[in-house]
Amino acid sequence: MPFDLLLKGGEVIDPNAGYSGRLDIGITRNRITAVEPNIPPESAFQVIDVSGHYVAPGFIDLHTHYLPGTYWGLEPDAIGARTGVTTWVDAGSAGAMGLADFRDSAAALMQARSFAFVNISYIGLIGPNYEMTNPEYSNVELLKRAISQNRDIVAGVKIRAGRSGGGVDLTPFKRARRAADELGLRLMMHISGAPPELEEVLPFLKSGDVLTHAYNGRTMRLIEDNGKIREVAKRAVESGVLLDVGHGAGSFSFVSAEALIPQGYAPYTISSDLHWMALYGHRVQDSQVILSRGDAPDDDAGSVLVDIVGGREPAFDLLNCLTKMLHLGMSLPQIVEAVTAHPATVLGVEGEIGTLKPGAYADIAVFDVVAEGIDLYDVHGEHRHADRQFKHALTVLNGRVWEQQPLPKPPAWLRFVDEEAS
Ligand SMILES: [Zn+2]
């Protein structure tokens with residue numbers, strides 16, 4: 001009896017591994033051990049018929065927030081189980097001071113796989129904003145010590161460029177560059193509202209670094225008013241900087257994406273920037289209706305008002321971001337690569353996750369693309385109508401079917417702060 005679990009008859013889509021078409025997937029313990037056209041059902045203890053569904057490697061969301069006790073940090077497992085996101089990458093919630101806690105109270109306790117970009121500011125994103133207001137928080141030696149003790153879960157160094165990060169002082173940028181170089185790590189840079197200006201900060205990025213919120217519509221957007229890519233952004237991409245979506249609650253503009261993608265600047269990775277506001281909307285209030293894209297959150301999800309009445313729509317979840325990218329003209333294989341093989345490359349774990357090749361961990365997303373119309377909004381209220389959308393079917397994590405669980409309640413203190421969302 002070679003297989004513990006067999007996913008039978010699905011439409012496999014893993015361009016990077018060279019798989020497409022109807023294939024069965026055999027799983028032994030927590031690894032994929034066969035991808036073949038016709039594996040006999042009697043060769044497995046458990047057989048799941050996934051015919052009619054797409055089957056891809058479990059999704060890797062390269063930009064999320066889930067460090068407990070921080071402003072943005074949600075609990076990821078319930079969301080992962082209903083969206084196929086089997087690997088979560090926290091983008092800078094922890095700085096040097098919070099990294100040990102990230103390991104103990106986030107990574108070690110969650111079911112999904114977990115990595116972190118570590119904030120150059122040692123306080124990380126414990127509050128919503130201004131982590132770099134004091135440049136002395138950007139302490140290279142402290143960061144290096146913290147990372148060297150947690151290297152197995154570290155994806156790179158994170159820095160937020162913009163008013164929300166708190167600064168026009170470029171000292172933290174110099175230090176983040178130095179730390180990344182000395183540790184041999186990638187830098188992930190967030191861009192939003194100037195200052196600082198794009199021209200001041202993008203030159204800190206090198207080949208292989210990640211520019212997140214690349215399709216934002218704020219003053220640090222990558223396009224000129226006429227829609228052409230800005231010269232400084234063009235140079236960054238030509239030097240090998242990778243574009244990431246990082247939708248969030250404030251960082252995705254149809255105008256930017258519709259200008260950039262046809263010019264050849266499609267995202268290398270599609271991430272949700274999921275945090276409390278990106279999941280539930282800008283306004284978290286006491287007693288109001290619960291609205292969400294697709295499945296409404298469970299009744300016990302808390303009292304939440306999603307501010308889509310005025311059209312400003314957050315990410316909701318990674319699948320909703322994928323629906324937007326499909327509407328914007330990315331092909332299904334391109335989209336799958338941008339949430340599997342590409343982020344696995346950024347994490348340096350190719351062959352382990354983000355692939356269905358035998359030997360990889362058995363993390364698998366089973367989903368549909370249904371011909372069902374959907375009204376989409378960006379964070380500025382721009383509306384588009386898409387005629388197809390992604391829907392979740394089943395998630396396998398580490399060789400086991402990931403059971404659905406109730407969505408977590410947002411923490412009470414979120415509503416104390418009415419900040420511009422990141
Ligand atoms: Zn973020």
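Counting starts at 1 for both ligands and their atoms, following the listed order. Just so you know, these numbers use all the heavy atoms, side chains as well, and skip hydrogens, waters and symmetry mates.
- Taking the Zn ion (ligand 1) as reference, Asp273 places its N/O/S atom OD1 nearest.
- Considering only heavy atoms from C-beta on, Val245 comes within 4.5 Å of Phe252 through its side chain.
- Ion pairing of Arg175 with Glu136 is present here, as a side-chain N (NZ or NE/NH1/NH2) and a carboxylate O approach within less than 4.0 Å.
- With sequence neighbours excluded, the residues forming a side-chain contact (heavy atoms from CB on, under 4.5 Å) with Glu200 are Leu170, Pro196, Glu197, listed by chain and number.
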Can you give each donor-acceptor pair under 3.5 Å made by side-chain atoms of residues 346-360, sequence neighbours left out, with the distance rounded to 0.1 Å?
residue, atom, partner, partner atom, Å
Thr355, OG1, Lys357, N, 3.1

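- Among the atoms of His63, an N, O or S atom falls under 2.8 Å from the Zn ion (ligand 1).
- Residue His65 counts as close to the Zn ion (ligand 1), with an N, O or S atom under 2.8 Å.
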